[in-house]
Each structure stands twice: as C-alpha cells, then as structure tokens.
Number of protein chains: 2
Amino acid sequence: MVDEIVLLLPVLGRELGRPVPLEMEACVKAGAPAHAFPSDAHVSPGHIQVLIALAKGPCSVGHIAHTLGVSRPATTQLVDRLVEHGMIERRHDPADRRVVLVDYAPGMHEVARRIMDVRRRQLNEALDRLTDEEAGAFFKGLKEITAALGRVPGEEN
Amino acid sequence: MVDEIVLLLPVLGRELGRPVPLEMEACVKAGAPAHAFPSDAHVSPGHIQVLIALAKGPCSVGHIAHTLGVSRPATTQLVDRLVEHGMIERRHDPADRRVVLVDYAPGMHEVARRIMDVRRRQLNEALDRLTDEEAGAFFKGLKEITAALGRVPGEEN
DNA sequence: CTGGTTACTTAACTGACTTAATTACTTGAT
DNA sequence: ATCAAGTAATTAAGTCAGTTAAGTAACCAG
C-alpha cells in the first residue's frame, strides 16, 4: 500500500495544482464586478487558500505565508493578484505600520464564500463516499503526512 | 473540517513537490556510479514515481505518462534525466518499434529500491501513527479525492 | 539619532509542467 | 506495392508558481 500512496500523492499534488477556471464564473454570478475577472483569469489553489485563511478575519502577509507554507514573496504575489481582481484589500496595521493587513474588500465576503464553495463541493463529492469514521481517519492521516513531509527525513528534531 | 482539508491539501502538494536531495546520497551509498550524480543533482517526486512504476517491469513512455497523470513530453523529460544519471535505459520494443520501453539499467534495480525506500520511510513514519483501519481509510479517501479532482466539478460524466 | 532587526516588496531566476509541431513507425485500403 | 491516416515519442517554445537575494520602510534599544 505504501508504494501506491507514494505513487498517488504526487498525482494528487499535480491535479490539485491545476487552475480551476470554473470558480471565476461563480464570482461573476455572485455579483463580483465582471470586469475584474478578464476572460482568462484563473484562480489557483493558492488564491483560494488565501481567501480561506482570511475567513477568520484580517491577516498579515507573513501569517498567511506561514499558513500556506510558502515564502513571503510568493504570498505577496498571491495577494497582488487578488487585489487586482478586487477581491481583497491591503491596509496598514495602525498598531505597527510595517505589517500589511489583508482583508476582504467591502462586499466581497460573500463572493469569497462562494468561490470557496466551488472547491468545497468538489471535495465533499469525494468525502461523501466515505463514512464519518473514514473521513476522520483521512483527515488525521493527511495531517500526519503533511507534518512528516515538512521535515527532512534524516533530521530528528 | 472540509475547510481545513481544502486549506491543507495544497500545502501537502507543495511540500510534496520539493526535491529530496537526500535520496541522491542513498544512490551513492547503494553503489551507484558516483559521477552520475553531480553535487547538485536532485530527485523530484516525478522521478521517484517513474522508478516505482518500473518496479513491475519495463514500461512504455505513454504508459508511464498515464500512470503519473502528466503529458508524454513531461514524461520524456523525466526519463531523460534518469537516463543521464544512469538509473534507467531506453530500448525499442521489438514488437512495435515506435514504442520506447523504459527499464532499470543493469544493476540499478537495487539502487532504485533504495531510493524508493527513502521516500517510503518518510511516509511510514506518518502512517505508523495511524491504526491499520485509519491507514486503510486514508488510502481510500486519497483515491476518492484524486479521482474527484481529476474531473471538472461541473461535468457529470 | 544611530545601528540593528523586522515586515513586506521587487527583481532575477529556476523547474516542472503545458501545447504545438516534428519524426519515426505501423496499419489498412486501394 | 504503395499511399493515407493514425499513433508513439520527441523537440521546441511558452507559462506559471515557486525560490533566493537585494531593497525599502518602520520599529526599537542604546
């Protein structure tokens, strides 16, 4: 089984990395300014992750980077794109003007929720084929493996 | 939970995509010709997938591409790199000279096994924290989700 | 107010994929 | 026999998400 998992995981990774053009439609349907989404705009998983991370409230760039497991510059790019599309806004933290707080643009909270729903639905479709226990076990395994891969295997700390 | 999974999956994908320089050492230790692995050679998950796919015997490029879920040109590149490193060999299928059969280079079967072991060990470390039932459920969920993401969510066929 | 640190951005580059076009071979119809 | 169509692999060119390194602005301790 281990071999099959090792074979399957990267496939999942690639499949996951493909942009999801459909979600853009959802934006427009949900009332987003249509001009903000030019015909070829595509939303990558990273962008969705940013939107999800923001659901709990405004967030600094550094914090988002940590949540996503990517570098700060990469996060800056993700935020750039979403700002271009009018989904989110940057503003300075009044308490510490170095940090840039990222938050939904006014009225975009609902739109963001719908974009997330598209991906959620896709996932639910798969999870529905699992029992509750299986889903729980899957989640647990997912966390363990993500954690295990975060470390270089030789290091023990 | 769904949200957390949507947030976690791309992290896993990225973590998974990072090259694993350690495995090169394993090659050399296992007796691979050291010169075949220059200091900066790194083995990507795709390369390991090819090695795993070959474990069942020689394979055409097209078949490997299908197994990995990538295009044939991408597979050609992966094979190129592994041939450069002397891990595998190309030869023509005598039955149909269009197809290129890929197989381990002589004596590299064992080396390949060790490279795979490095990644396997990493995964086992995580799976050991799960019961057998949980591991089974994880595997099942993994397959379901990979399948679900392979389709565009709107299409029903 | 000066030197050091932190948060973010910019710039330049890399690697892994994609599609489109090419080459080499097979197959089946005339 | 040979020609047209189709398939396997490759080459070529371009894209995109990530990286590191360097730059800018703001905080803070002496």
Side-chain angles (χ1 to χ4, degrees), chain A residues 9-21 38 40-50 58-84 88-103 149-150, chain B residues 9-21 38 40-50 58-85 88-103 150:
Chain A
L9 278 178
V11 177
L12 176 63
R14 271 186 292 266
E15 218 58 66
L16 213 45
R18 297 186 207 283
V20 186
D40 60 343
H42 48 245
V43 181
S44 81
H47 298 128
I48 298 174
Q49 283 183 295
V50 172
C59 228
S60 74
V61 172
H63 185 261
I64 296 175
H66 182 257
T67 303
L68 269 63
V70 300
S71 63
R72 263 191 300 250
T75 308
T76 295
Q77 273 185 297
L78 289 173
V79 170
D80 280 348
R81 171 83 56 97
L82 287 169
V83 168
E84 270 175 39
I88 62 178
E89 277 182 354
R90 279 185 234 249
R91 67 171 194 276
H92 283 283
D93 185 343
D96 181 345
R97 289 178 42 76
R98 288 171 306 178
V99 333
V100 171
L101 286 179
V102 180
D103 195 7
L149 291 184
Chain B
L9 277 178
V11 177
L12 176 62
R14 271 186 294 267
E15 217 59 65
L16 213 44
R18 296 185 209 284
V20 185
D40 60 343
H42 48 247
V43 181
S44 83
H47 298 128
I48 297 174
Q49 282 184 295
V50 173
C59 227
S60 75
V61 171
H63 185 262
I64 296 174
H66 181 258
T67 303
L68 269 63
V70 300
S71 63
R72 263 190 300 243
T75 308
T76 294
Q77 273 186 300
L78 289 174
V79 171
D80 281 347
R81 170 83 57 97
L82 287 169
V83 168
E84 269 174 38
H85 288 358
I88 64 178
E89 277 182 354
R90 280 185 234 250
R91 67 169 194 275
H92 283 284
D93 184 343
D96 181 345
R97 289 177 45 74
R98 289 171 304 178
V99 335
V100 170
L101 286 179
V102 180
D103 195 9

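Sequence lines set the chain letters: A, B, ... in the order given, protein chains first and strands last, and positions in each chain run from 1. The basis for the numbers below is simple: all heavy atoms, side chains too, and nothing from hydrogens, waters or symmetry mates. Note that the structure is predicted; figures quoted are calculated from it, not measured.
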Subject >> Minimal non-hydrogen separation, P10(A) against P45(B), with atom names >> reply: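 Shortest heavy-atom separation between P10(A) and P45(B) comes out as CG-CB, 4.1 Å.
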Original post:
If you take all heavy atoms of I48(B) and V43(B), which pair is closest and at what distance?
Top reply: CG1-CG1, 3.7 Å
Is the distance from OP1 or OP2 of [N] to the nearest side-chain N or O of [X] less than 4.0 Å?
X	N	result
R14(A)	dC17(C)	yes
S71(A)	dG18(D)	no
S44(A)	dC16(D)	no
R18(B)	dG15(C)	no

Between atom [atom1] in [X] and atom [atom2] in [N], what is the gap in whole Å?
X	N	atom1	atom2	value
D80(A)	dG18(D)	CG	C1'	15 Å
R72(A)	dT24(D)	CZ	C1'	14 Å
Q77(B)	dG15(C)	CD	P	11 Å
I64(B)	dT10(D)	CD1	C1'	14 Å
R91(B)	dA24(C)	CZ	P	22 Å
L101(A)	dT9(C)	CG	P	11 Å
L16(A)	dC17(C)	CG	P	14 Å
R81(B)	dT14(C)	CZ	P	13 Å

Between [options], spot the one nearest the side chain of [X], thanks.
X	options	result
P73(B)	dA9(D), dC8(C), dA20(C)	dA20(C)
S60(A)	dA9(D), dA21(D), dC8(C)	dC8(C)
V70(A)	dT9(C), dT11(D), dT19(D)	dT19(D)
T76(B)	dC17(C), dT11(D), dT9(C)	dT11(D)

Original post:
If the sugar-phosphate is the primed atoms plus P, OP1 and OP2 and the base is the rest, what is the B/S/- string for nucleotides 25-30 of chain D, using protein heavy atoms under 4.0 Å?
Top reply: -BS---
**OP:** With rounding to the nearest 0.5 Å, note down the distance linking CZ in R98(B) to OG in S60(B).
**Re:**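 Between atom CZ of R98(B) and atom OG of S60(B) there are 11.0 Å.
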Original post:
What residues, two or more places apart in sequence or in another chain, satisfy salt bridge (charged side-chain N to carboxylate O under 4.0 Å, His left out) together with R97(B)?
Top reply: none
Subject >> Main-chain N/O of H63(A) paired with H66(A) side-chain donor or acceptor, under 3.5 Å >> reply: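 Between the backbone of H63(A) and the side chain of H66(A) there is no qualifying donor-acceptor contact (under 3.5 Å).
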Original post:
Is there a donor-acceptor pair under 3.5 Å between the side chain of R90(B) and the backbone N or O of V83(B)?
Top reply: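 Answer holds: no.
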Original post:
After noting the C-alpha distance and the side-chain angles of L68(A) and L78(A), does the key distance pass the side chain to side chain contact (heavy atoms under 4.5 Å, CB included) rule?
Top reply: CA-CA 11 Å; L68(A) 269 63; L78(A) 289 173; 3.6 Å; yes
Original post:
For DNA chain D, whose closest nucleotide is more 5', that of A74(A) or that of R90(B)?
Top reply: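 The residue mapped nearer the 5' terminus is R90(B).
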